[in-house]
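Shown next, in structure tokens, is the structure this report addresses.
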Amino acid sequence: MGGGSYSIGVDLGSTAIKMVLVKSWEIEWSRKVPTAPGQEALALELVRGAMDERGLSEGDIGGIAATGYGKKLMSRAGVTVDEISANAKGLFRLSGGRCRTIINIGGQDLKVITLDQAGKVADFKMNDKCAAGTGRFFEQAARILDTPLESFGKAAGSDAEPAELNSTCVVFAESEMVSLLAKGVPKERIIKGLHNSVARRVANLLGRHRPAGDGDIYLDGGPSQNRGLLEALEDELLTEVKVLPNPQYTVAYGAAISAAGRKDA
Ligand code: ADP
């Protein structure tokens, strides 16, 4: 790759590979594909697609950085960045320096990252031992309830009385859902209860990691596109939680600006 003014960030996540093309701190292009074997080839297809669509040559690209759990698989990346730092860097920049707490919900894990005033990682906690509350959990719930994931937000935002779902383990939560369905409990109520139980789980992980005084809480990762989850979280935390317009790409963006940082940022 040359010394050009574009940089590329690739986030090789457990569930989706995300790529952004960045110029002068702005996201110019973004796309994702499901994670599958042959991750580097999938990532390079995204890179090639971005360059073709934008009419760019290798000389236009100043750097490529990889992040996410599959980052080491991408040998073409000049830089690898750990996903916590990439998330912090990306969200701090995109929030205009306002973010102090990140709740990242991925396909298979939950993370809470706290930032200092300069945007450096002050602390983080991760739960990757249990799928409850992750994107995969919601996908599984959508299958059990035979309801598209995209309509979860609407059901969760309805006036229905939430059903009680108390299991903290995904396997038990699934059987709880099945037994509620068998008892004839309306799906809306189960979906609402499901969101409340995930919000409680996130609040537990967050614990004392809430910004004191100034500073905002942001939710990112793929599942943050579900408005129902955001609303349930705000109700549980009794505070505003913000979501950026493209919340699944903040980690890839953080990697891209790290690649740019090698040169001109
Ligand atoms: P990872 O980095 O672990 O691969 P992502 O942050 O890319 O995770 O999130 C992937 C998850 O996002 C998937 O489990 C998927 O179900 C979920 N997801 C993607 N788009 C949406 C959406 N519009 N609403 C709810 N969940 C979504």
Side-chain angles (χ1 to χ4, degrees), residues 9-20 27 30-40 42-43 46 65-74 77 80-91 94 102-113 124-157 170 173-174 191-192 194-195 198-199 201-202 205 218-233 241 243-256:
V10 186
D11 174 11
L12 298 106
S14 66
T15 310
I17 301 175
K18 284 79 62 181
M19 192 214 112
V20 296
I27 298 179
S30 62
R31 197 156 296 167
K32 62 179 178 175
V33 289
T35 301
Q39 291 187 47
E40 176 160 41
L42 291 171
L46 289 176
T67 185
Y69 99 110
K71 57 187 174 290
K72 299 229 165 66
L73 299 171
M74 193 164 172
T80 55
V81 188
D82 77 86
E83 38 277 44
I84 308 288
S85 309
N87 204 343
K89 197 161 184 165
L91 202 30
L94 291 168
I102 304 171
I103 300 166
N104 176 283
I105 306 191
Q108 296 183 30
D109 61 19
L110 284 179
K111 298 187 197 85
V112 169
I113 307 167
F124 83 93
K125 280 205 238 175
M126 173 154 78
N127 183 349
D128 60 355
K129 300 281 181 284
C130 168
T134 66
R136 177 182 274 189
F137 179 59
F138 281 110
E139 286 168 25
Q140 183 65 6
R143 272 191 290 273
I144 291 172
L145 299 170
D146 193 23
T147 302
L149 195 53
E150 292 68 34
S151 56
F152 267 28
K154 192 158 169 267
V170 65
E174 282 167 19
I191 292 170
K192 207 158 172 183
L194 176 78
H195 283 71
V198 171
R201 198 174 175 83
V202 172
L205 188 67
Y218 278 81
L219 175 67
D220 71 358
S224 62
Q225 293 164 102
N226 170 0
R227 296 288 309 173
L229 180 57
L230 176 68
E231 284 165 23
L233 253 180
V241 178
V243 180
L244 290 165
N246 293 306
Q248 204 171 354
Y249 291 95
T250 40
V251 181
Y253 174 75

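Note: hydrogens, waters and symmetry copies are ignored here, and every other heavy atom, side chains too, is used. Start at 1 and go down the list; that is how both ligands and their atoms are numbered.
- Looking at ligand 1, you'll find an N or O of Gln225 within less than 3.5 Å of one of its N or O atoms.
- Residue Asp11 has no N or O atom closer than 3.5 Å to an N or O atom of ligand 1.
- In this structure, Asn104 CG and Asn87 CG are separated by 5.0 Å, a value rounded to the nearest 0.5 Å.
- Taking every non-hydrogen atom of Gly106 and a distance limit under 4.0 Å, the qualifying atoms of ligand 1 come out as 3 (O), 6 (O), 8 (O).
- A heavy-atom distance below 4.5 Å is found between the side chains of Met126 and Asp109.
- Interface of Arg136 with ligand 1, defined as ligand atoms under 4.0 Å from a residue heavy atom, comprises 14 (O).
- For the ligand labelled ligand 1, residue Glu150 lies outside the 4.0 Å heavy-atom shell.
- Near Leu149, meaning under 4.0 Å from any of its heavy atoms, are these atoms of ligand 1: 16 (O), 26 (N).
- No side-chain donor from either of Asp11 and Thr67 sits under 3.5 Å from a side-chain acceptor of the other.
- Closest to atom 8 (O) of ligand 1 among all protein heavy atoms lies Gly107 N, 2.9 Å.
- Salt bridge status for Glu83 with Lys71: present, with a side-chain N to carboxylate O gap under 4.0 Å.
- The shortest contact between atom 4 (O) of ligand 1 and any protein heavy atom is with Thr15 N, 2.8 Å.
- Nearest-heavy-atom check against atom 11 (C) of ligand 1 across Ala252, Ala142, Pro223 picks out Pro223.
- Of all protein heavy atoms, the one closest to atom 27 (C) of ligand 1 is Gly222 O, 3.5 Å.
- When only non-hydrogen protein atoms are considered, atom 2 (O) of ligand 1 lies nearest to Lys18 NZ, 2.8 Å.
- In summary, the side chains of Gln248 and Lys32 do present a donor paired with an acceptor at a separation below 3.5 Å, with no hydrogens or angles considered.
- Between Gln39 and Tyr69 there is a side-chain heavy-atom pair separated by less than 4.5 Å.
- Sorted by first and then second residue, the pairs that involve residues 132-141 and meet side chain to side chain donor-acceptor pair (under 3.5 Å), not counting sequence neighbours, are Gln140-Arg143.
- With respect to Leu219, the side chain to side chain contact (heavy atoms under 4.5 Å, CB included) criterion is satisfied by exactly one of Val202, Val241, Leu91: Val241.
- Contact annotation: for Thr134 versus ligand 1, there are no heavy atoms closer than 4.0 Å.
- When each atom of ligand 1 is checked for a heavy atom of Gly221 under 4.0 Å away, the hits are 6 (O).
- Taking a cut-off of under 4.0 Å to the non-hydrogen atoms of Gly135, the atoms of ligand 1 that pass are 14 (O).
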Per-pair distances, 0.1 Å, donor-acceptor, side chain in residues 144-157, under 3.5 Å, sequence neighbours excluded:
residue	atom	partner	partner atom	Å
Thr147	OG1	Leu145	O	2.9
Ser151	OG	Pro148	O	2.9

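- Contact between Gly68 and ligand 1 is absent, with no heavy atom of the residue lying under 4.0 Å from the ligand.
- Rounded to the nearest 0.5 angstrom, Leu42 CG and Met74 CE are separated by 10.5 Å.
- Scanning the protein heavy atoms around atom 15 (C) of ligand 1, the nearest turns out to be Glu139 OE2, 3.1 Å.
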